[in-house]
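Written out below as structure tokens is the structure these notes cover.
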Amino acid sequence: MSARDTILAAIRAASPANDSGAIAAEAAALLRDPVRPALAAPALPKAFEVKASALGTTFDHVADMGAVPQAVRRYLDGHGLPPSLALQPAPALAALDWTGIDTHPALAPNEPAALGLALWGIAESGSLVIHSGPETPILLSFLPLHHIVVLHRDNLLAWLEDYAGKLAAQAIPRNAILITGPSGTTDIEGSYVRGAHGPGFVHVIMIDGG
Amino acid sequence: MHTATKAPFKDRAKAALADRTLKLAIDRTTGTAETKRAAAVANFPEFQAARDRGRAIKDHVIANLGHYLEMFEKNATASGAQVHWAVDDAEARAIVTRICLDAGAKIVTRSKSMLGEEIGLPHALADAGIERVETDLAEHIIQLAGEPPSHIIWPAMHRTREQVADLFREGHNPPPEAEDPATMVQSARRILREKFLGADVGISGANFLVADTGATCTVTNEGNAELTTTPPRVHIVTAGVEKIVPSTAHAFALLRLLVRSATGGEMTQYTTFHCGPKRAGDADGPEEMHIVLVDNGRTRMLADEFREMLRCIRCGACMNHCVVYRQIGGHAYGGTYPGPMGSVLTPVLDGLAASRDLPNACTMNGRCAEVCPVEIPIPTLLRAWRTRSWRERLEPGSLRGGLGLWAWAARRPAIYRLGSRIGVRVLRLFGKGGWISHMPLAGGWTGHRDLPRPPGRTFMEEYRARQKGTRK
């Protein structure tokens with residue numbers, strides 16, 4: 001007997017199989033009236049910003065996509081970084097006017113700063129959502145020291161379950177990642193140190209208008 | 001588990017109790033963990049309702065484990081992942097080693113996984129001549145020290161910052177410029193960065209296996225897991241069969257409990273779902289993804305009185321709040337999993353004969369069950385091991401004899417009362433100023449704390465005297 005058959009037979013012997021319709025109904029009932037913490041504020045943008053800021057994520061607000069390059073420049077200048085940026089290969093970003101900033105698609109192992117798009121923001125936890133794909137290298141969110149993320153305020157979701165619903169409604173990507181603040185560790189004596197292997201800085205440029 | 005010949009539990013515990021630096025290290029981390037968890041629970045007034053729901057989700061999965069494993073296998077396979085099954089640790093090690101060798105792996109990066117420790121993966125990779133690079137900061141620390149983890153969330157909890165500084169000074173070239181945690185973390189970032197990008201295989205565990213998508217989910221704070229699973233050509237996940245959840249939304253319900261209970265945070269920095277290998281056109285990702293589903297005693301637990309232990313989501317709250325763990329630390333337990341949950345699991349994994357001391361190293365104060373996010377009755381399960389140990393006659397003759405004598409006396413009240421009258425008066429002879437600090441045959445107790453000097457009369461004597469008084 002294969003390992004698979006041995007394991008499944010042992011499971012069947014210990015718990016008799018139930019009807020799959022009944023199992024699905026019970027699983028669905030466990031999701032009804034989800035038990036979750038209150039949002040940090042009644043309005044989603046405020047709730048999201050409160051949660052994300054508490055974890056060290058910083059914010060800038062612009063009216064539209066066209067204003068993103070200036071916001072990026074403000075951030076780089078504010079941190080004393082050169083005007084150079086690894087850019088996510090997404091048409092919405094490539095179409096912007098990057099005069100004065102050197103943008104490049106390739107990521108260096110110690111890339112200082114990168115700019116990418118978040119699909120959604122989750123207000124409950126202050127999390128940004130990234131899905132892998134042809135236009136979204138996962139390493140863009142992990143190699144740089146400064147990770148700058150563009151998020152449209154229309155793409156804010158209230159709860160983790162709302163995101164689960166979005167994910168279930170589409171073809172699931174290879175990687176779906178919720179990024180909640182800069183990387184950190186408490187591995188030495190439990191004391192928090194910001195900036196471990198991933199970005200030490202996460203900066204959100206929120207598009208407030210069209 | 002890969003078990004070397006070990007000193008008996010009592011000797012390990014005695015050595016741990018004598019180690020003041022160890023006590024300092026444990027106090028620093030568990031103290032912070034306890035405070036932060038309490039604050040996180042206070043900030044989530046519905047925590048008890050969330051616990052009830054989490055427990056119900058786990059019980060639902062445990063009752064339908066076969067159904068969900070088959071669903072997971074079907075969906076993971078459809079995503080392009082290869083699903084393997086392992087009955088025990090030896091099979092799991094062999095599968096992972098074979099995949100690494102087939103991939104021609106020279107360097108393997110690993111993101112922290114207790115299941116990997118359970119199946120003895122570190123030794124198996126070394127035996128196969130493969131360089132293993134631990135990428136979680138705590139795992140990196142203990143790899144430099146050549147030690148196993150001493151805690152399931154903070155594997156290097158037993159090391160003070162001063163000791164970590166010593167290890168980094170030896171193990172990092174160039175050594176860190178200063179010995180504060182922030183500088184040491186930056187040094188590890190610099191050292192490990194090149195390893196991430198040069199690895200042939202990345203191995204991770206899973207906090208959840210999502211049945212309806214076939215995805216595995218890891219939750220981490222450092223960012224090392226994604227740097228481990230993205231660049232190499234091959235990604236291997238090892239996971240216990242009990243990690244399954246019906247859907248992503250069910251995983252989130254458990255995640256809310258897991259993070260608050262483990263670190264006192266609300267959400268880990270990175271919650272990552274891995275679903276198959278790189279897709280056509282994807283910008284990065286591994287060419288192959290393998291998922292090894294490991295039983296290793298779990299289906300045995302499903303069939304006996306330890307079934308509730310399969311609810312465990314590995315948060316570590318039970319050990320952070322355990323008075324015994326906080327005195328002796330994780331290594332003294334001798335198994336992969338320390339503390340209260342480890343004392344339930346180690347007899348399953350290593351056999352009761354080799355680990356019967358662990359269920360006895362418990363005060364039954366019930367703190368572990370109080371803080372358990374899925375309400376596992378850990379003291380009840382430990383008592384079940386004690387009962388089984390008695391039935392299987394694993395207790396030493398001195399204990400069986402002593403308990404037999406006690407039982408004989410307990411059934412004869414006159415003799416029992418006489419015995420306790422003598423006992424109380426003898427105990428008083430060793431007391432000074434209300435406390436007993438030395439007594440023959442009681443060094444195991446008085447070596448570490450004083451025993452209160454008993455009052456002059458037994459409970460029954462006091463009771464009789466008071467009854468007489470009220471009748472007056």
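Reminder, nothing fancy here: chain letters follow the sequence lines and each chain counts from 1.
Within the 3.5 Å criterion, the main-chain N or O of A/I188 finds no donor-acceptor partner in the side chain of B/R161. Although no hydrogens or angles enter the test, the distance criterion places no donor-acceptor pair under 3.5 Å between the side chain of A/D187 and the main chain of B/A156. Looking only at distances, no side-chain donor or acceptor of B/R256 sits under 3.5 Å from a matching main-chain atom of A/R36. A/E161 places no side-chain N or O within donor-acceptor distance of the main-chain N or O of B/T248, the cut-off being under 3.5 Å. Side-chain N or O atoms of B/Q269 include none that pairs as donor or acceptor with a backbone N or O of A/T180 at under 3.5 Å. Checked by atom type and distance alone, the side chain of B/R193 pairs as donor or acceptor with a backbone atom of A/H197 at under 3.5 Å.
Heavy atoms only, all atoms of each residue included: A/G195 and B/V185 are closest at O-CG1, 3.6 Å. Between A/S132 and B/D282, the closest heavy-atom pair is OG-OD2, 4.2 Å. In plain terms, the two heavy atoms of B/R260 and A/P37 that are nearest each other are NH2-CG, 3.5 Å. Residue B/C275 comes nearest to A/P173 through the heavy atom pair CB-O, 3.5 Å, listed as atom of the first residue, atom of the second, then distance. Residues A/A27 and B/H60 approach most closely at CB-NE2, 3.6 Å, considering heavy atoms. Across all their heavy atoms, B/R307 and A/S15 have their closest contact at NH2-OG, 3.4 Å.
Counting heavy-atom pairs under 4.5 Å between each of A/L140, A/D33, A/V202 and chain B puts A/D33 at the top. If you tally non-hydrogen atom pairs under 4.5 Å between each of B/L255, B/T299, B/D88, B/N43 and chain A, the highest count goes to B/T299. Among the candidates B/M289, B/M184, B/H140, B/R279, the residue making the largest number of heavy-atom pairs closer than 4.5 Å to chain A is B/R279. The greatest number of non-hydrogen atom pairs below 4.5 Å with chain A, out of B/A33, B/P277, B/A280, is found for B/P277. Counting heavy-atom pairs closer than 4.5 Å to chain A, the top-ranked of the candidates B/T268, B/D304, B/D180, B/N221 is B/N221. Chain A forms the most heavy-atom pairs under 4.5 Å with one residue out of B/A303, B/P181, B/P246, and that residue is B/P181. Ranked by non-hydrogen atom pairs under 4.5 Å with chain A, the options B/D52, B/I57, B/V245 are led by B/I57. The greatest number of non-hydrogen atom pairs below 4.5 Å with chain B, out of A/P16, A/P34, A/A14, A/A168, is found for A/A14.
At least one side-chain heavy atom of B/M267 sits less than 4.5 Å from a side-chain heavy atom of A/S127. Annotation: side chain of A/T6 is not in contact with side chain of B/E91 (no heavy-atom distance under 4.5 Å). Two residues are said to be in side-chain contact when any heavy atoms from C-beta on lie closer than 4.5 Å; A/L178 and B/F252 meet this criterion.
With a 4.5 Å cut-off on non-hydrogen atoms, A/V35 touches chain B through its backbone and its side chain both. When heavy atoms are compared at a cutoff of 4.5 Å, B/I153 approaches chain A solely by way of its backbone atoms N, CA, C and O. Proximity to chain A is limited to the side chain of B/L192, based on heavy atoms less than 4.5 angstrom apart. Heavy atoms closer than 4.5 Å to chain B are found in the side chain of A/L8, but not in its backbone. With a threshold of 4.5 angstrom between heavy atoms, A/I130 does not approach chain B through any atom at all. For a residue to count as touching a neighbouring chain, one of its non-hydrogen atoms must lie under 4.5 Å from one of that chain's; by this rule A/L145 touches chain B with backbone and side chain alike. With a 4.5 Å cut-off on non-hydrogen atoms, B/L69 touches chain A through its side chain but not through its backbone. With a threshold of 4.5 angstrom between heavy atoms, A/T136 approaches chain B through N, CA, C or O but not through any side-chain atom. If you measure heavy-atom distances from B/S79 to chain A, you find no contacts under 4.5 Å at all. If you measure heavy-atom distances from B/V87 to chain A, the contacts under 4.5 Å come from both the backbone and the side chain. Residue A/P199 touches chain B through both its backbone and its side chain, counting heavy-atom pairs closer than 4.5 Å. For a residue to count as touching a neighbouring chain, one of its non-hydrogen atoms must lie under 4.5 Å from one of that chain's; by this rule B/F47 does not touch chain A. For B/I62, the part lying near chain A is the backbone, with the side chain staying farther off; criterion is any non-hydrogen pair under 4.5 Å. Contacts between A/A176 and chain B at a heavy-atom distance below 4.5 Å involve backbone atoms as well as side-chain atoms. The parts of B/A50 that come within reach of chain A are both its backbone and its side chain, each placing non-hydrogen atoms under 4.5 angstrom from that chain. Heavy atoms closer than 4.5 Å to chain B are found in both the backbone and the side chain of A/L31. With a threshold of 4.5 angstrom between heavy atoms, A/R12 approaches chain B through side-chain atoms but not through N, CA, C or O. Heavy-atom distances place the backbone of B/T135, and not its side chain, under 4.5 Å from chain A. Contact annotation for B/E194: neither backbone nor side-chain heavy atoms come within less than 4.5 Å of a heavy atom of chain A. Proximity to chain A (any heavy atom under 4.5 Å) is shown, for B/R51, by neither the backbone nor the side chain.
Between the side chains of A/S183 and B/E222, no donor-acceptor pair of N or O atoms lies under 3.5 Å. Under the 3.5 Å distance criterion, with hydrogens and angles disregarded, no donor-acceptor pair is assigned to the side chains of B/H67 and A/N18. Side-chain atoms of B/W85 and A/S2 include no donor-acceptor pair closer than 3.5 Å.
B/N75 contributes atom CG, which lies 9.5 Å from atom CD1 of A/I172 (distance to the nearest 0.5 angstrom). Here CD of B/E226 is found 9.5 Å from OG of A/S141. Values are rounded to the nearest 0.5 Å. The CG atom of B/N64 sits 6.5 Å away from atom CD of A/E26, with the distance rounded to the nearest 0.5 Å. Rounding to the nearest 0.5 Å places CD1 of A/I138 at 8.5 Å from OG1 of B/T229. Atom-to-atom distance recorded for B/T272:OG1 and A/F142:CZ is 5.0 Å, nearest 0.5 angstrom. Here the CG-CG distance, from B/L227 to A/L143, works out to 5.5 Å after rounding to the nearest 0.5 Å.
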Could you check A/T186 against B/W154 for side chain to side chain contact (heavy atoms under 4.5 Å, CB included), going step by step and ending with a plain yes or no? CA-CA 8 Å; A/T186 58; B/W154 290 282; 2.8 Å; yes
Run A/K51 and B/E266 through salt bridge (charged side-chain N to carboxylate O under 4.0 Å, His left out) and show every step you take. CA-CA 10 Å; A/K51 278 294 175 195; B/E266 292 181 3; 2.7 Å; yes
Using the rule given for side chain to side chain contact (heavy atoms under 4.5 Å, CB included), can you reason through A/I179 versus B/Y270, listing the C-alpha separation, both sets of side-chain angles and the distance that settles it, and then say yes or no? CA-CA 5 Å; A/I179 298 176; B/Y270 304 108; 3.9 Å; yes
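Ion pair A/R4/B/E73 flagged as a salt bridge, since at least one NZ, NE, NH1 or NH2 atom sits closer than 4.0 Å to an Asp/Glu carboxylate oxygen.
With A/T185 as reference, B/L137 is the one residue of B/D136, B/L137, B/N224 to meet the side chain to side chain contact (heavy atoms under 4.5 Å, CB included) rule.
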